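Atom set for the values below is all heavy atoms of this structure, side chains included, hydrogens, waters and symmetry mates excluded. Per chain, numbering begins at 1; letters A, B, ... match sequence-line order. Small disclaimer: the values here were computed from a predicted structure and weren't measured.
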Amino acid sequence: MATPFRLYNTRTRTVEDFEPLVPGHVGLYVCGMTVYDDCHIGHSRAMVIFDTFVRYLRHRSWSVTFVRNFTDVDDKIIERAAEAGEDPLARAERYIANFHRDMRELGLDDPDLEPRVTATIPEIQALIGKLIERGHAYAAEGSVWFDVPSHPEYGALSGQQVDKLRSKDPGVGKRHAADFALWKAHKPGEPSWESPWGPGRPGWHIECSAMAWSTLGETIDIHGGGIDLVFPHHENEVSQSECAHGQTYARYWMHNGMLTVPTGRKVGGRATGDDTPGGDEPAAMKGKMGKSKGNAVNIDVLLREYPAEALRLFYLDTHYRSPLPFDADALPTSLGKLARLYEAREAAEAMGGEEPPDDVARSLGADAMRVLELARAFPSALYASLDDDFNTAGALGHAFELARAINRLSNHKKANQRGGPVVAPALAAFSLLSKTLGLMTLSTEEFQLEIKAKRLPRLGFTSEEVEGLLQQRAQARANKDWSRADQIRDQLEEHSIAVMDREHGSEWRVRL
RNA sequence: GGCGCCAUACCCAAGUGGUCAAGGGAGAGGUUUGCAAAACCUCCAUUCCCCGGUUCGAAUCCGGGUGGCGCCUCCA
């Protein structure tokens, strides 16, 4: 890589040059879902960010082993399953299937490995055994606790001081308030496994240490996840792994910001098909999106109405570490921006043609040169942004500059026929955007069809009805019956269907 | 009570020591059009929450204040 790749490291609170342990190869472990319910758009923000991150690293010739786990046995799953009167493991299985369905729908690549807690029990027990052996854990009444005071470094990642914590959970047999469970003694009705300490199940944090260890070894290059996991989850992982192995657990910590619901705004709205009136929602609704706050919007619901790439653009249009506010305008805005990119690419394609004669080239002059300049500079501009702590929002800014330059050139009548020399570099730039950020991966036609399929049902029309009306309107226009033509157009416009009269006929779009 | 992050125009959002403060949306005017829509052009922050300080020079660094958010309980 020509320029260093720079990444913010939560552990040091600074942006650092990224150097993997083994040159050219990156081991990445990302905390995935606890599968007790459907994936909401806060979860999928993390999924999209890391998917895109891996895509980019690979594009830049790093070899990446991407591991994203499933926590398929835990308190919450057991609790929810009990409420629903079902088997916890069956519930987890169902939500894993749903998650896979949602990620596929979102257009994400599968991670290289997706370990599950229930398939990592031997490794978890081995790790716990090691910790007891080394004096960092103790068994008490069928459970095993991590001995926090035995690890002086505890708190380094999150900046917490053990004696300042508001510890609540008393726990049976715990020696220190900050100690946390590695192994939980079996309770009736809960899934359990045999162990040297009696039947039970893993605690919350040990699983990730074990899964990272079994898939990537004692030291991983980058550990990712939501910023809300820093404490206690990641802090505890560090202690478990470093006390067991005596090696640095993760060299870089990469945390994404939360999806938030701003104060006094409507959540979802047209996005969810929920037509509750706007206005102030209960205080509990604002802040971080989460199931327990009752403000979660499930990803599958949104994907029924918006193309996956609109979600992707929504996520990538803000730096991954910033909080991302979600409201009713968010997706329409992102979809509009995405459509702008597609339309610019279409305009570039339409300019294909012969090498222009000199007089035409001269008349295209400055505008054509501008496109050429931006298109050729695009790769280095994109790399500069993404190499700088994965600044996807900055990278997108460059794409929009190019889009405007293309549209400007294509407005030029002569360019419409003869944009020749600028087309290839412009299309190459958009192709690079597809490869790295996963946007504009469809043909323009596919994209328009997807929009129509997802948006039209809410507008009270079928494609056939719209086409029928447009035929009537074409007839009226041919007869210069402008009032009839305008009446049809107004009727469609009322239902958010925009009609555009082109030289070769009328097109229509769903207004975003 | 403890730890940490953030504060850029009407809205969203890049930029984090040095030419004019990206980009998108909204708004105003114009080109185009049968009229529109879309697209394009022009305008839209002499200024980056406030107050001090460092510097030849700060939105960018330091100190204080105010406001918002995350974590300390399950959390992407």
Numerically ordered, the residues 486-496 of chain A set in heavy-atom contact under 4.0 Å with RNA chain B is A:Asp486, A:Arg489

When both distances are under 3.5 Å in a Watson-Crick or G-U wobble arrangement, the nucleotide paired with B:A13 is none

Check your understanding: How is A:Val230 classified with respect to the nucleic acid when contacts are heavy atoms under 4.0 Å: base, sugar-phosphate, or nothing?
Key -> nothing

Exercise. Taking the six-membered ring for Trp, are A:Tyr154 and A:Phe231 parallel (under 30°), tilted (30 to 60°) or perpendicular (over 60°)?
Worked result: perpendicular

Whole-Å distance, A:Ile227 CD1 to B:G68 C1', equals 16 Å

note: A:Glu207, atom CD; B:C74, atom C1'; distance rounded to Å ~ 12 Å

note: A:Asp387, atom CG; B:G15, atom P; distance rounded to Å ~ 14 Å

Contacts of A:His205 meeting ring pair (Phe, Tyr, Trp, His ring centres under 6.0 Å) (sequence neighbours excluded), chain-then-number -> A:Phe180, A:His233

- Query: Looking across every strand, which nucleic acid part, if any, lies under 4.0 Å from A:Asn407 by heavy atom: base, sugar-phosphate, or nothing?
  - Reply: sugar-phosphate

Fill in: Any A:Phe50 side-chain heavy atom under 4.5 Å of A:Met254 side chain
yes

Scanning all shown strands, the Watson-Crick or wobble mate of B:G52 with both distances under 3.5 Å is B:C62

Between B:G1 and B:C62, how far apart are the C1' atoms? Round to whole Å, please.
27 Å

From CG of A:Leu108 across to P of B:A76 the rounded distance in Å is 16 Å

Between A:Gln161 and A:Leu259, whichever has its closest RNA chain B nucleotide further toward 5' is A:Gln161

Would you say that A:Asp367 contacts A:Val371 through its side chain, given a criterion of any heavy-atom pair below 4.5 Å between the two side chains?
no

With A:Phe70 as partner, the option from A:Val117, A:Ile96, A:Thr118, A:Thr34 fulfilling side-chain contact (heavy atoms from CB on, under 4.5 Å) is A:Ile96

In Watson-Crick or G-U wobble terms, with both distances under 3.5 Å, the base opposite B:G57 is none

Worksheet item: B:G25 and B:C71: how far apart are their P atoms, nearest whole angstrom?
Response: 34 Å

Applying the 3.5 Å cut-off to both distances, the Watson-Crick or G-U partner of B:G29 turns out to be B:C41

ask   = If the C1' atom of B:G64 is compared with that of B:C41, how far apart are they to the nearest Å?
value = 47 Å

Heavy-atom nearest nucleotide on RNA chain B taken for A:Leu324 and for A:Arg477; more 5' hit belongs to A:Leu324

- What does A:Gly224 touch in the nucleic acid at a heavy-atom separation under 4.0 angstrom: a base, only the sugar-phosphate, or nothing? nothing

Item checked: Quiz item: cation-pi between A:Arg455 and A:Tyr306, 6.0 Å / 45° -> yes

Per side-chain contact (heavy atoms from CB on, under 4.5 Å), A:Phe53 is matched among A:Asn256, A:Val64, A:Leu7 by A:Leu7

Taking a pair to mean Watson-Crick or G-U wobble geometry with both distances below 3.5 Å, B:G34 pairs with none

Taking a pair to mean Watson-Crick or G-U wobble geometry with both distances below 3.5 Å, B:G70 pairs with B:C3

A:Lys452 meets the salt bridge (charged side-chain N to carboxylate O under 4.0 Å, His left out) criterion, sequence neighbours left out, with none

**OP:** Mind checking A:Arg6 for me? I need base, sugar-phosphate or nothing, with any heavy atom below 4.0 Å counting as a touch.
**Re:** nothing

query = Looking only at atom P, what distance separates B:C61 and B:C6, rounded to whole Å?
reply = 9 Å

Tell me what A:Thr34 touches on the nucleic acid: a base, only sugar-phosphate, or nothing, going by heavy atoms under 4.0 Å. sugar-phosphate

A:Trp482 CH2 to B:U33 C1', in whole Å, measures 10 Å

Protein heavy-atom contacts under 4.0 Å, written 5' to 3' over nucleotides 23-30 of chain B as B (base), S (sugar-phosphate only) or - (none), form the string BSS-----

### Message
On the side chain of A:Asp501, is there an atom forming a donor-acceptor pair with the base of B:C35 - under 3.5 Å, no angle test?
### Response
yes

Sorted by chain and number, sequence neighbours left out, salt bridge (charged side-chain N to carboxylate O under 4.0 Å, His left out) with A:Arg13 holds for none

For B:C51 and B:G15, measure between their C1' atoms and round to the nearest Å. 24 Å

Here the distance between atom C1' of B:C40 and atom CG of A:Asp367, to the nearest Å, is 9 Å

Practice task
Could you tell me whether A:Gly225 contacts a base, only the sugar-phosphate backbone, or nothing, with contacts defined as non-hydrogen atoms closer than 4.0 Å?
Solution key: sugar-phosphate

Here the distance between atom C1' of B:C3 and atom CH2 of A:Trp253, to the nearest Å, is 17 Å

Taken in chain and number order and not counting sequence neighbours, the residues that satisfy salt bridge (charged side-chain N to carboxylate O under 4.0 Å, His left out) with A:Glu465 are none

Exercise. So, A:Asp74 and A:Arg80, do they make that salt bridge, N to O below 4.0 Å?
Worked result: no

Q.
Taking any heavy-atom pair under 4.0 Å as a contact, classify A:His233: base, sugar-phosphate, or nothing.
A. nothing

To the nearest angstrom, the CG-C1' distance between A:Leu409 and B:C40 comes to 11 Å

Could you check whether A:Arg321 makes a cation-pi contact with A:Tyr8, meaning its NZ or CZ is under 6.0 Å from the centre of the six-membered ring and within 45° of the ring axis?
yes

